Participant: 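This is the structure I have questions about; it appears just below.
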Amino acid sequence: MTTLQFQENPTPTTQRPPRHHWNMVVDIDRCTSCRACVIACEAENNIPINTEDRFTQQRVNQWIRIERYWEGEFPNVKARYIPMLCQHCDNAPCEPVCPVYATYHNNEGLNVQVYNRCVGTRYCANACPYHARNFNYWEPVWPEDFRNYLNPDVTIRSRGIMEKCTFCVQRIRRATRGRQDVADGAFAPACVQACPSDALVFGDILDENSKVAKLSKNERHYMVREVLGTLPSITYLKKVEADAL
Amino acid sequence: MALTRRQFLKWAGATGIGAVVFNGCAAPDAAILVQSPLDIPEDLVTGRDNYYATTTESLGYATEGLLVRVMEGRAKKVEGNPDFPLNTGKHSARAEALLQSAYHPDRIREPLVRVGKGGPWRRESWDSAVTRFTDLMRGADPARTLFITSPTAGQMAAVLQGFAAGRGELHGFEPLSQAPLRAAVKNVFDADVLPTFDIAHARFILNFGADFLGTWLNPVHHARGYGEFRQGTDRRGYLVHIEPRMSLTASNADQWVYNNPGTEGLLALSIAYVLISERRAEAGAANALTGGRGADALSAYAPGAVAAATGVSAEMITKIAHAFAEPARGPALAIGGGIAGAHTNGVFNLTAIYALNQLVGNVNREGGVILNPVFAASRVTASPLRTWKQLVERMNDREIDLVVVRDANFVYGLPAALNAAQALRRVPTVVSFGSFLDETTALADLILPSTTPLEEWGAVVPEPAPGYAVVGFQQPVIRPYTGNISTGDVLLRVARDLNIAALPWETMRDAVRDLARQLQQGNRGSVVAPTLEEFWKRALERGGWWDMGQRLTGAPAPRPLPERADPEQVSDANQFPFALVPFETPGLGAGEGAHLPWLQSLPDAVSTITWQTWVELNPHTAERLGVRQEDVVLIESSTGHVIRAIVYVNRAAPPDVVAVPFGQGHAHYTSYAANRGSNVFDILEPAEERETGALAWGATRVRVTKTRSRQALSKLEGHWDSVQFADSPIIEITRQGQSNGNGTH
Amino acid sequence: MNNSLTKVMIPVVGLAVAIVALAVAYFVISAWWSQPPPILGFSQGPTQPIAFMHSVHVGQDAIDCQFCHRTVATDEAAGIPPVSQCMFCHDFGRIDGSQLSAEGITADEARAEVQKLRDAYYGATDANGQQIAPPSPINWQRVYRMPDHVQFVHSPHIQAGVSCSQCHGDVSKMQVVEQATSLKMRMCVDCHRQNNAPTDCTTCHY
């Protein structure tokens with residue numbers, strides 16, 4: 001397998017030296033597909049309710065989703081699961097195609113979507129090989145009562161805006177505000193916090209002692225569609241296939 | 001009037017140009033007010049969040065300890081409580097959805113009284129509604145009064161029992177009964193409370209029918225262990241799952257084995273036969289289990305003899321048996337539940353399965369079945385279908401004058417053949433404490449709408465506990481959103497008026513504090529404090545009290561294996577060629593979660609379908625029936641009832657069974673649930689499990705007929721190509737045994 | 001009407017229309033961009049339920065901002081004090097407004113305003129001392145409002161030594177608080193650049 005050649009150093013966007021580089025490790029062997037992460041994310045990030053229509057029209061908005069792949073036929077059939085979310089690629093295909101610089105890479109390794117710049121061309125969604133970007137085809141509406149639980153730390157995206165996983169940047173901001181260092185595991189995005197089997201782990205890869213730094217060196221590590229040279233910030237750990245009895 | 005920028009924008013917005021230029025830029029009035037409250041408690045400070053610990057056992061299953069993020073008096077996020085022993089910081093989608101339950105637009109907001117039987121509703125003040133209820137209780141005849149609740153343990157149960165004693169019969173209702181499991185646990189381990197499983201340290205799990213990662217007992221607790229089972233050490237655990245359907249747990253298994261429904265006990269005894277006859281089992285246990293007769297006692301269960309009945313080859317049975325007893329693979333653990341206990345021989349099946357644990361001697365050992373000490377608390381367990389049939393009959397015969405229902409939707413959850421709705425209509429007075437207008441509450445004459453779990457006091461004794469006693473304290477983290485009063489508080493208020501001596505408490509808070517006082521005086525466990533006040537504060541902060549020091553040790557003596565019991569044929573297999581496998585989904589459960597849009601939109605694990613009722617058909621079966629994906633079919637049982645379902649062609653579906661999820665088909669239960677999909681309980685045979693009389697919900701046979709209509713499936717699958725490419729797979733796989741196959745963390 | 005007059009009128013009317021159109025456009029655009037020009041009373045702050053005067057409290061009495069806006073150094077919002085806090089001085093401190101000497105308000109008017117505060121706290125009473133309204137919170141009109149896509153947090157600014165007046169103007173001179181700065185993004189970014197504060201978009205937008 002060859003890696004396509006891309007420019008060596010993607011252009012730095014700010015003048016400051018990086019203090020953090022947020023990474024996630026997804027252990028597919030631990031994931032059970034319970035989808036606690038999906039609802040935790042929807043609650044944290046003010047994602048509009050995915051109604052039946054949105055599913056039948058294939059316009060579901062889930063920043064993290066569990067994909068299911070089939071292998072084989074009954075009785076020797078396997079269902080395989082993988083949590084899929086924005087990979088926060090260090091060489092992101094979505095970034096250069098945006099005509100209004102609404103998406104860019106910041107110096108903490110986040111692929112940022114700036115809602116107030118976005119004009120809804122959807123070029124980025126076409127460019128993303130992970131289908132991690134969600135477009136607001138409708139004005140988000142909640143019954144008045146449900147608005148009580150909306151998270152005041154997260155902007156509600158209006159119709160015509162592209163959105164995607166932010167690694168819960170509002171939590172990063174809260175945790176790092178006014179601090180130089182944050183202890184590993186002191187905070188986590190909503191999905192990681194919810195994951196009952198600890199399949200998702202989040203942390204700062206620049207901290208050598210962090211759990212993500214150690215796990216991403218695990219023998220089972222790989223990146224999804226690594227061949228595209230997108231340099232994702234999410235490391236997956238391979239599913240282990242045991243021998244049949 | 002001073003003109004401001006805002007007024008200018010408003011004014012401009014009202015004109016034609018402004019309507020174009022400023023469309024959408026006017027702020028709603030609420031957004032431009034900033035309030036000086038009279039006084040400022042800590043949780044009303046603008047922009048500051050506080051976390052409060054609470055516990056919940058609602059929504060049908062699983063106690064989870066929670067931390068709720070509260071800002072300005074409103075709950076914003078539910079998170080797991082890292083201290084709480086069962087879920088240690090993690091939580092399920094259902095727990096998250098408690099937010100939607102609290103702020104649901106279709107909550108019943110004030111007491112409702114029906115004007116005349118079957119007449120329209122009239123709103124009533126809390127005072128007069130409670131007085132009305134008190135008067136009803138005063139005039140009630142204990143022989144003609146029923147109290148119905150969901151199963152509960154802790155102070156709510158104490159209040160219910162104290163209230164009902166001498167005033168009527170108290171019955172628990174759960175749609176999918178755990179009675180066979182309880183009976184089996186009693187048979188095998190002589191235990192009165194459910195055990196827990198040390199999944200984290202087991203290395204070989206043999207699971208019969210229990211969807212323990214998805215819906216069974218406490219999935220979050222199990223998943224905590226499952227992660228460690230897979231990658232916690234450098235020896236990866238091996239999971240064998242036996243079930244007539246590929247459930248969430250089955251799809252995570254290393255080996256999924258299809259069996260014919262109801263034959264799990266045969267399989268378990270066949271495995272026992274192999275172990276005993278080949279001397280792989282612990283000799284003492286083998287002796288005790290067979291009454292000293294050894295393998296001869298089980299010769300009828302030789303793999304070759306049961307292969308045809310179970311649908312599992314003799315070779316596979318032998319392989320499973322060998323792997324189960326292989327010391328190098330252990331510790332081995334056998335779990336059974338769900339559909340394995342849902343046939344007419346459920347207790348036999350589960351008893352045989354749990355007895356396997358005795359054969360490898362892993363009871364109360366690391367990686368085995370962990371028995372729970374009995375914590376002295378009030379409990380209301382579910383009454384079996386056998387009892388419910390009698391209750392329905394008594395209602396039909398007009399022998400019941402008053403039914404008081406709390407959190408139990410039996411009109412939805414009993415098989416339609418019983419026609420519980422019609423029976424309930426014949427009861428002169430029905431009182432419901434429902435916060436939502438479910439099918440049972442819709443037939444009530446008086447509704448005293450309760451609070452939701454985030455708004456009320458409680459002390460919950462989870463079952464199963466994690467191997468030691470746990471009490472979860474539930475505190476109101478927000479004010480009752482609609483001003484409703486919790487059921488416990490209403491009952492205690494009425495109890496005071498009725499002078500019920502058994503209930504000395506004024507409010508639920510007092511009841512919880514009373515339990516706290518007992519725990520504080522016990523002077524042990526996770527919170528030890530010199531005064532009640534300090535204990536109270538610290539226990540509420542931590543979300544509960546638990547006593548890790550006191551666990552059970554030693555294994556109970558093995559008892560003889562059960563007598564053979566084959567699944568009964570409740571209807572003709574020629575007329576009804578398919579075995580129906582109904583299943584719970586992680587979101588909706590047996591229908592309790594259908595009113596919450598988050599749970600409705602939670603994709604099912606394997607099919608990824610949401611919001612609908614579908615039927616899973618094997619591709620060849622679908623072809624034989626002449627149906628395609630998204631065709632609508634009718635599913636009919638011998639009860640004569642029919643439901644509609646959309647075909648989902650599932651390549652993991654076995655050919656002779658059809659699987660349909662529980663959860664939909666509500667006539668009421670808020671706008672998110674009403675008139676959506678079909679209710680599987682409608683076609684279930686009212687068959688009873690032989691010993692316990694519980695509903696044998698896995699015993700129904702059905703036929704499937706095609707209709708002309710089609711309906712699009714609302715599923716996540718198909719949004720994008722989900723095909724693995726050989727050159728660049730999405731999910732990379734490594735074979736176990738290769739250098740990187742054993743996760744070394 | 002004669003021809004020559006029409007000939008004169010066309011450019012005059014045209015010019016007048018153009019000027020009015022330009023003025024309106026200027027108005028609309030500047031209002032849209034930041035604030036309308038300070039004419040016709042546009043610069044004034046909103047009318048508040050109680051004529052609270054910052055000029056008296058901050059200017060004359062020299063009360064520190066953080067005495068009332070207590071959470072400004074620690075939290076996202078500066079915080080509006082609860083009514084009970086106003087009562088520190090206005091009830092227990094027996095300051096009822098009659099001691100006031102300030103421009104633009106008489107002592108009697110001031111006493112009436114303080115009475116509104118007490119009514120909010122205790123509930124209004126009629127002449128016989130009979131309660132006619134329950135205690136109720138005071139709903140102030142917000143003066144500074146950020147767009148929804150901006151997440152502004154006060155505490156780091158205060159901790160970095162930014163003075164309140166940099167954005168809020170000299171409230172000690174304001175009888176009615178008004179928006180003193182445009183709050184356009186350029187203002188934020190300029191200041192962040194000058195002080196070497198982060199200018200990453202996710203500092204404020206998420």
Side-chain angles (χ1 to χ4, degrees), chain A residues 27-30 32-36 38-40 42-44 49-52 55-56 58 60 65 67-71 73-75 77 79-80 82 131 143-146 148-149 151-152 193-199 215 218-220 222 224-225 227 236-245, chain B residues 71 74-77 79 90-93 96 99 103-105 213 219-220 223-224 226-227 230-231 236 238 248 251-252 254-255 258 319-320 323 586 597-598 601-603 605-606 608 610-611 618 651-652 654 712 714-717 719-720 722 724 728 730-736 740-741 743:
Chain A
D27 189 341
I28 319 180
D29 203 34
R30 281 176 181 252
T32 68
S33 97
C34 73
R35 293 183 164 91
V38 176
I39 301 300
E42 289 187 21
E44 173 72 16
I49 292 161
N50 284 307
T51 54
E52 184 177 353
F55 278 95
T56 49
Q58 311 207 327
V60 168
R65 62 176 186 270
E67 295 183 350
R68 194 266 295 112
Y69 292 82
W70 285 123
E71 253 174 54
E73 299 285 337
F74 180 84
V77 59
R80 307 231 189 253
I82 185 169
H131 298 294
E144 200 52 42
D145 300 286
F146 277 168
N148 283 298
Y149 67 66
N151 186 354
Q193 188 178 42
C195 181
S197 57
D198 287 330
L215 279 176
N218 185 294
E219 298 168 302
R220 292 185 290 128
Y222 78 101
V224 173
R225 294 191 169 151
V227 68
Y236 285 83
L237 302 184
K238 290 177 189 172
K239 174 82 190 163
V240 178
E241 171 82 343
D243 294 330
L245 275 178
Chain B
M71 285 179 95
R74 284 175 278 189
K76 295 292 179 186
K77 181 82 174 64
E79 291 166 5
K90 305 298 179 171
H91 68 284
S92 61
E96 191 76 62
L99 292 175
Y103 295 118
H104 203 293
L213 294 173
V220 173
R224 297 298 290 143
Y226 176 82
R230 283 305 191 202
Q231 293 294 336
R236 183 176 183 271
Y238 196 96
L248 190 156
S251 66
N252 282 296
D254 298 293
Q255 178 87 52
Y258 165 83
K319 273 187 191 167
I320 294 172
W598 275 339
S601 69
L602 184 74
V606 178
T608 76
T610 59
W611 294 97
N618 180 282
R651 63 163 96 185
S714 68
K715 59 184 176 27
L716 189 68
E717 177 191 57
H719 276 47
W720 305 281
S722 48
Q724 289 262 62
S728 171
I730 304 290
I731 300 175
E732 291 195 16
I733 291 161
T734 176
R735 300 216 53 98
Q736 190 161 26
N740 54 0

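What you are looking at is a predicted structure, and each value in this text was computed from that prediction instead of being measured. So you know, we letter chains A, B, ... as the sequences are listed, proteins then strands, and number each from 1.
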Participant: When you look at A/Asp243 and B/Tyr238, which way does the side chain to side chain contact (heavy atoms under 4.5 Å, CB included) test go after all the steps?
Facilitator: CA-CA 10 Å; A/Asp243 294 330; B/Tyr238 196 96; 5.8 Å; no

Participant: If the condition is salt bridge (Lys or Arg N to Asp or Glu O under 4.0 Å), which residues does B/Lys76 pass it with, not counting sequence neighbours?
Facilitator: none

Participant: Given the rule in the side chain to side chain contact (heavy atoms under 4.5 Å, CB included) test, do B/Gln231 and A/Leu237 qualify, once you have shown the distances and angles that lead to the verdict?
Facilitator: CA-CA 11 Å; B/Gln231 293 294 336; A/Leu237 302 184; over 6 Å; no

Participant: Is it the backbone or the side chain of A/Ala194 that comes under 4.5 Å from a heavy atom of chain B, or both, or neither?
Facilitator: both

Participant: Which residue out of A/Glu42, A/Arg225, A/Arg65, A/Gln58 racks up the most heavy-atom pairs below 4.5 Å with chain B?
Facilitator: A/Gln58

Participant: A/Ile49 versus chain B, heavy atoms under 4.5 Å apart: side chain, backbone, both or neither?
Facilitator: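 Just the side chain, heavy atoms under 4.5 Å.
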
Participant: Identify which of B/His91, B/Arg651, B/Lys715 forms the greatest number of heavy-atom pairs closer than 4.5 Å to chain A.
Facilitator: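 Looking at each option in turn, the highest pair count goes to B/Arg651.
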
Participant: How close do A/Trp70 and B/Val606 get, counting heavy atoms only, and between which atoms?
Facilitator: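 What the structure gives for the nearest pair is CH2-CG1, 3.4 Å.
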
Participant: Who wins among A/Ser33, A/Ala244, A/Pro196, A/Ser197 for the most heavy-atom pairs under 4.5 Å with chain B?
Facilitator: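 Top count of heavy-atom pairs under 4.5 Å with chain B: A/Pro196.
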
Participant: Would you mind checking which part of A/Ile28 comes under 4.5 Å of any heavy atom in chain B, side chain (CB onward), backbone (N, CA, C, O), both or neither?
Facilitator: side chain

Participant: What part of A/Tyr236 gets within 4.5 angstrom of chain B, counting heavy atoms only: side chain, backbone, both, or neither?
Facilitator: neither

Participant: Taking only residues two or more places apart in sequence, or in another chain, which ones meet A/Phe74 in a ring-ring contact (aromatic ring centres under 6.0 Å, His included)?
Facilitator: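 Residues passing ring-ring contact (aromatic ring centres under 6.0 Å, His included) with A/Phe74: B/Trp256.
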
Participant: Could you tell me whether the side chain of B/Lys77 reaches within less than 4.5 Å of the side chain of A/Tyr149, counting heavy atoms only?
Facilitator: no

Participant: Taking C-beta and beyond as the side chain, do B/Ile731 and A/Glu71 meet within less than 4.5 Å on heavy atoms?
Facilitator: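 The answer is no, as the side chains (C-beta and beyond) never meet within the 4.5 Å cut-off.
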
Participant: Heavy-atom distance under 4.5 Å between the side chains of A/Asp198 and B/Lys90, does that happen here?
Facilitator: yes

Participant: Atom CG of B/Asn252 and atom OG1 of A/Thr32: how far apart are they, to the nearest 0.5 Å?
Facilitator: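 Output value for this atom pair is 5.5 Å.
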
Participant: Between chain B and each of A/Val224, A/Val38, A/Asn151, A/Asn50, count heavy-atom pairs under 4.5 Å; write down the option with the most.
Facilitator: A/Asn50

Participant: Which atoms of B/Ala75 come close to chain A, meaning under 4.5 Å heavy atom to heavy atom: side chain ones, backbone ones, both, or neither?
Facilitator: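 Answer is backbone: N, CA, C or O of B/Ala75 sit under 4.5 Å from chain A.
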
Participant: Let's test your reading of the structure: which of B/Pro597, B/Pro603, B/Ala712 forms the most heavy-atom pairs below 4.5 Å with chain A?
Facilitator: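 Highest number of heavy-atom pairs under 4.5 Å: B/Pro603.
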
Participant: Does the distance from a Lys or Arg side-chain N to an Asp or Glu carboxylate O, for A/Asp27 and B/Arg230, drop under 4.0 Å?
Facilitator: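 Here A/Asp27 does not pair with B/Arg230 in a salt bridge, since their nearest N and O are not under 4.0 Å apart.
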
Participant: Is there a side-chain contact between A/His131 and B/His719, using heavy atoms and a 4.5 Å cut-off?
Facilitator: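 A/His131 does not reach B/His719 side chain to side chain.
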
Participant: Are A/Arg35 and B/Pro586 close enough that some pair of their side-chain heavy atoms sits under 4.5 Å apart?
Facilitator: no

Participant: Restricting to non-hydrogen atoms, name the atom on A/Cys34 and the atom on B/Leu248 that form the minimum distance, rounded to 0.1 Å.
Facilitator: CA-CD1, 4.1 Å

Participant: How long is the span from the NZ atom in A/Lys239 to the OG1 atom in B/Thr734, to the nearest 0.5 Å?
Facilitator: 12.0 Å

Participant: Hey, is the main chain of A/Ile39 close enough, under 3.5 Å, to the side chain of B/Glu96 for a donor-acceptor pair?
Facilitator: no

Participant: Check whether any side-chain heavy atom of B/Ile730 sits under 4.5 Å from a side-chain heavy atom of A/Arg80, and report yes or no.
Facilitator: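 Answer no - side chains too far apart.
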
Participant: Count the heavy-atom pairs under 4.5 Å between each of B/Leu602, B/Asn618, B/Thr608 and chain A, then report the option with the highest count.
Facilitator: B/Leu602

